[in-house]
**Q** 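Handing you this structure, nothing more for now.
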Amino acid sequence: MQSKPNPEFDAECIRRIQAGEKHLFHELIRPCEKPVYFLLLSLLRNETEAEDAAQETAIKVYRNLHLFRGESQFRTWVLSIARNEGLARLRKTERRREDSLDAMTENSGDFTPAALTSWREVPAEELERQEVRTLIRQAIDGLPEIYRNVMLLRDIEEMDVRETATALEIGEAAVKVRLHRARAMMQRALAPRLRENTPHRKKLFGWL
Amino acid sequence: MRIDCKHVWKHISAYIDGDVDASLRAEIDKHLETCEICSAVLDSTRNLVILVADDRIFELPAGFSERLHARLDREISLEGD
């Protein structure tokens with residue numbers, strides 16, 4: 001999903017928007033649409049509300065463009081505004097889910113990727129099958145929120161550790177630990193389901 | 001000192017991300033040469049990272065962009081008044 005950040009384009013765009021070429025805001029925000037929506041969906045778990053919050057985020061970014069100082073990448077700044085928008089909505093309805101609180105205990109649980117070897121030979125061609133893409137999406141959706149958010153930004157949006165930490169307002173060490181756990185949890189969730197769904201069972205899992 | 005499998009698993013994500021120091025990387029490399037299980041865990045984790053990054057897994061709802069930009073247009077023209 002990643003769209004490679006282009007700080008020069010962003011800076012030039014912002015300068016021209018502030019000089020009056022307001023329509024350029026459409027181009028500035030376009031690469032952020034996907035990560036903003038999916039981060040909000042991860043927080044709010046409701047498509048209609050995530051879309052509304054994404055629109056609200058874009059408007060806030062537009063109104064507050066003069067506050068962007070270029071200390072982080074533009075995309076990171078936009079994502080932290082999106083995150084605040086999502087959290088404000090959750091606070092309003094007191095819906096912050098318990099799973100996030102449980103998962104805050106960073107040292108709980110067994111996160112060793114034992115028996116995750118069954119993914120070894122899952123070929124990229126598997127993605128051609130809609131069911132497999134759906135399974136992966138469901139596994140990401142099934143992660144506790146704090147792990148899902150990190151996986152979204154690191155592995156799906158391909159942001160680096162520092163930008164992810166800034167956007168989510170957590171430390172870099174937490175980004176690394178959560179990503180490691182998210183990947184292990186994903187493999188554990190997917191291994192048995194892929195086993196049921198793969199037509200090449202022997203070839204993929206025969207060696208185990 | 002030879003590191004064990006658990007130690008390798010603990011660092012497997014950081015290893016893939018190029019985020020382990022040179023001496024730990026060398027130890028993990030050495031372990032991987034002889035450990036079939038850890039090599040499989042490494043391949044499996046790498047596979048996962050490649051697969052979840054596929055664009056088709058996360059697709060915006062139909063019409064999302066159009067609705068967003070229409071709302072922005074209203075905001076931009078309001079502000080221009």
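Below, chain A is the first sequence line, B the second, and so on; all start at residue 1.
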**Q** Answer with side chain, backbone, both or neither: which region of B/R46 has an atom nearer than 4.5 Å to a non-hydrogen atom of chain A?
**A**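 Looking at B/R46, nothing touches chain A.
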
**Q** Could you verify whether a donor N or O on one side chain and an acceptor N or O on the other, from B/T45 and A/R183, lie under 3.5 Å apart?
**A**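 Absent: no donor and acceptor within the cut-off.
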
**Q** Under the side-chain contact (heavy atoms from CB on, under 4.5 Å) test against B/D17, which residue among A/V161, A/L179, A/D160 passes?
**A**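 By the side-chain contact (heavy atoms from CB on, under 4.5 Å) criterion, B/D17 pairs with just one of A/V161, A/L179, A/D160: A/L179.
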
**Q** I'd like to know which of A/E47, A/R30, A/H23 tops the heavy-atom pair count under 4.5 Å against chain B.
**A**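 Heavy-atom pair counts peak at A/R30.
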
**Q** Please identify each residue that fulfils side-chain hydrogen bond (donor to acceptor under 3.5 Å, both in side chains) with A/H26, with sequence neighbours left out.
**A**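 Counting only residues at least two positions away or on another chain, A/H26 forms a side-chain hydrogen bond (donor to acceptor under 3.5 Å, both in side chains) with B/H69, B/D73.
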
**Q** Could you check B/L60 against A/F38 for side-chain contact (heavy atoms from CB on, under 4.5 Å), going step by step and ending with a plain yes or no?
**A** CA-CA 8 Å; B/L60 286 168; A/F38 285 104; 4.1 Å; yes

**Q** Got a sec: does the CZ of A/R162 have more than 12 other heavy atoms crowding it under 6.0 Å?
**A**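 Open: at most 12 neighbouring heavy atoms sit under 6.0 Å from CZ of A/R162.
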
**Q** Step by step, work out the side-chain contact (heavy atoms from CB on, under 4.5 Å) result for A/H180 and B/I12.
**A** CA-CA 8 Å; A/H180 178 63; B/I12 209 93; 3.9 Å; yes

**Q** Heavy-atom cut-off 4.5 Å, strictly under: side chain, backbone, both or neither for A/A54 against chain B?
**A**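 The answer is both parts of A/A54.
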
**Q** By ring-ring contact (aromatic ring centres under 6.0 Å, His included), which residues pair with A/F25, not counting sequence neighbours?
**A**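 If we apply the ring-ring contact (aromatic ring centres under 6.0 Å, His included) test to A/F25, skipping adjacent residues, the hits are A/Y62.
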
**Q** Looking only at heavy atoms, what is the nearest atom pair of A/K34 and B/D55, with distance?
**A**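 In terms of heavy atoms, the two residues are closest at NZ-O, 3.5 Å.
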
**Q** Rounded to the nearest 0.5 Å, what separation is found between the CG atom of B/N47 and the CG atom of A/L190?
**A**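 Going from the CG atom of B/N47 to the CG atom of A/L190 covers 11.5 Å.
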
**Q** Working to the nearest 0.5 angstrom, can you tell me the gap between B/L68 CG and A/E56 CD?
**A**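 Here the interatomic distance stands at 11.0 Å.
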
**Q** In terms of side-chain geometry, is the basic nitrogen of B/R71 or A/D52 positioned less than 4.0 Å from the acidic oxygen of its partner?
**A**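 Counted as a salt bridge, because a side-chain N and a carboxylate O are separated by less than 4.0 Å.
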
**Q** When rounded to the nearest 0.5 angstrom, what distance separates CD1 in A/I29 from CG in B/L72?
**A**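 These two atoms lie 7.0 Å from each other.
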
**Q** When rounded to the nearest 0.5 angstrom, what distance separates CG in A/D155 from OG in B/S13?
**A**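 Those atoms lie 7.5 Å apart.
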
**Q** So, do A/R63 and B/E75 sit near enough that their side-chain heavy atoms are less than 4.5 Å apart?
**A**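 Contact flag for A/R63/B/E75 side chains = yes.
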
**Q** What's the separation between atom CZ in B/F58 and atom CG in A/D141, rounded to the nearest 0.5 Å?
**A**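 Reported to 0.5 Å precision, the distance equals 6.0 Å.
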
**Q** Report the C-alpha separation of B/D19 and A/K176 in whole Å, then their side-chain angles, then the decisive distance to 0.1 Å, and conclude whether the salt bridge (Lys or Arg N to Asp or Glu O under 4.0 Å) test is met.
**A** CA-CA 9 Å; B/D19 197 21; A/K176 293 176 191 178; 2.9 Å; yes

**Q** Nearest 0.5 Å please: distance from the CZ atom of B/R67 over to the CD atom of A/E51.
**A**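 So the gap between those two atoms works out to 4.0 Å.
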
**Q** Heavy-atom distance under 4.5 Å to chain B: side chain of A/I140, backbone, both or neither?
**A**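 The side chain, not the backbone.
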
